[in-house]
Number of protein chains: 2
Amino acid sequence: MIQVAETVFAERGYTAASMDEIAERVGVSKPMLYEYFHSKEGLLLACIREARAELRRVTEQAVAGSPTGEEALRQGLRAFFGFIRDRKQSWLLVRHEASLVGTASEELEATRQQQTDLIATLMGDFTDPETARFAEESGLLQAAAEFVVGGCERLAIWSEQREDLTPDVVAEYAVNLLWGGLAQISGR
Amino acid sequence: MIQVAETVFAERGYTAASMDEIAERVGVSKPMLYEYFHSKEGLLLACIREARAELRRVTEQAVAGSPTGEEALRQGLRAFFGFIRDRKQSWLLVRHEASLVGTASEELEATRQQQTDLIATLMGDFTDPETARFAEESGLLQAAAEFVVGGCERLAIWSEQREDLTPDVVAEYAVNLLWGGLAQISGR
DNA sequence: GAAGTAACCTACTTCGAGTAAGGTGGACTC
DNA sequence: GAGTCCACCTTACTCGAAGTAGGTTACTTC
């Protein structure tokens, strides 16, 4: 049911997707959708929730057991870019959640926060204690995590159009950028 | 007219905003809106176009005349974060354009591309020629630019909720992250 | 002053989100 | 075994908003 809805939303876009069509393709009548999901936005939320959970599961699994922070980062990113390649529909929903859902949902906000926190923790882990404490207090660590998430999302969108790049290559790009910064590609 | 529409879209969200309301607040009748903008989506597009142009103008002006690439980056980011602080409404539209506009507009896509290219050029400028050539051919330079844009957008969203941070501080965070990468906050 | 036209409005149609009220089949009571 | 209840599902509606048809005003041009 959620799967069908996800497909229709991805195909048509949120506004253009009609509950009638979803209901028909599910093989059920419209009031049923409203029974279960309360509203069109509710249905969308359910889809996003599902997609987000899946993404989270995949990345956490990938990260688990990595010996070093850098390795964890690499594995996590590989999983992330892989997910995007394999599950375009789900990714579309996750990517657009903020604008699709009119009323900001605390729940979704919280889930997103978890994602960022995971990154922040990873980064904190391979940072020396003193620096980490400073970074955390000043908000720099949070900022860095946000930056990483945003950068990777954009990178993912970009890589969608480059069929020649495998998720692993993209992940490698990201790790390099992240780790070394621009200084490394600068001559100085 | 576009300004009013922008306000309403920002207040209510795209779906919830009604053409009737916009028309009324503009002080004109609905068919007029359709005369000028063809459709609701057309009106939205016009708003986004306007906002994007403004953002571009501001950043390009800020970048112009910087002696070094790093300085240009800093100035550009300051302008960017400043814009977001001052013109929340416009920023909301730009930020959500992809999901709001169902039919991908080549024109908007092109504008976004220009933004990324500007960054890519900046980065190419302060990179030694050999590295730059490699980076460009492999797509790394493009990837880096996309990464920067995405990271900064996310950072901007994050900084909205931190009233204590001025745009300049956020810009400084971004420059540091960009330039030095994570290696610098790592102990190694 | 008549013809034409640009700018605008009122009053519709249409379509889709959301709902009310009713039907069907199985389980449970006596 | 008949009656009653209840979960589940449907048809058939309301209502609001996008988009449009056709008329009206006022101003220009000859």
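Within every chain, numbering begins at 1; the chains are lettered A, B, ... in the order of the sequence lines, protein sequences first and strands thereafter. Bear in mind the structure is a predicted one, so any value in this text is a computation, not a measurement. In what follows, every heavy atom counts, from backbone to side chain, and hydrogens, waters and symmetry copies are set aside.
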**Q** What verdict does the side chain to side chain contact (heavy atoms under 4.5 Å, CB included) test give for Trp91(A) and Phe80(A), after you've listed the backbone C-alpha separation in whole Å, the side-chain angles of each residue and the deciding distance to 0.1 Å?
**A** CA-CA 10 Å; Trp91(A) 165 241; Phe80(A) 176 68; 4.0 Å; yes
**Q** Separation of Asp20(B) atom CG from dA17(D) atom P, in whole Å?
**A**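 Taking CG of Asp20(B) and P of dA17(D), I get 7 Å after rounding.
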**Q** Side chains of Arg56(B) and Gln115(B): donor-acceptor distance under 3.5 Å anywhere?
**A** no
**Q** Using a 4.0 Å heavy-atom cut-off across all strands, classify Ala16(B) as base, sugar-phosphate, or nothing.
**A** nothing
**Q** In whole Å, what is the span from the NE2 atom of His38(B) to the P atom of dG19(D)?
**A** 8 Å
**Q** Report the residue from Leu43(B), Leu44(B), Ile22(B) that forms a side chain to side chain contact (heavy atoms under 4.5 Å, CB included) with Phe37(B).
**A** Leu43(B)
**Q** Between the side chains of Gln75(A) and Glu71(A), does any donor sit under 3.5 Å from an acceptor?
**A** yes
**Q** When you measure from every atom of DNA chain C, which of residues 21-36 of chain B have a heavy atom less than 4.0 Å away?
**A**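 Close to the strand are Val28(B), Ser29(B), Pro31(B), Met32(B), Tyr36(B).
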**Q** From CE of Met19(A) over to P of dA17(D), roughly how many Å is that when rounded to an integer?
**A**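 Interatomic distance, CE of Met19(A) to P of dA17(D): 18 Å.
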**Q** First contact, last contact: which nucleotides of DNA chain C are these for chain B, 5' to 3', heavy-atom distance under 4.0 Å?
**A**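 Endpoints of the contacted stretch of DNA chain C: dC8(C) to dT10(C).
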**Q** Any cation-pi pair here, Lys88(A) with Phe83(A), using under 6.0 Å and within 45°?
**A** no
**Q** Using side-chain hydrogen bond (donor to acceptor under 3.5 Å, both in side chains) as the criterion, point out the one residue from Glu54(A), Gln61(A), Glu60(A) that pairs with Arg57(A).
**A** Glu54(A)
**Q** Considering only NZ, NE, NH1 and NH2 on the basic side and carboxylate oxygens on the acidic side, decide whether Glu172(A) and Arg74(A) come within less than 4.0 Å.
**A**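 Salt bridge present between Glu172(A) and Arg74(A).
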**Q** Could you check if a side-chain atom of Arg154(B) sits within less than 4.5 angstrom of a side-chain atom of Glu153(A), using non-hydrogen atoms only?
**A**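 A side-chain contact under 4.5 Å exists here.
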**Q** Mind calculating the distance between CG (Leu43(B)) and C1' (dG19(D)) to the nearest angstrom?
**A** 14 Å
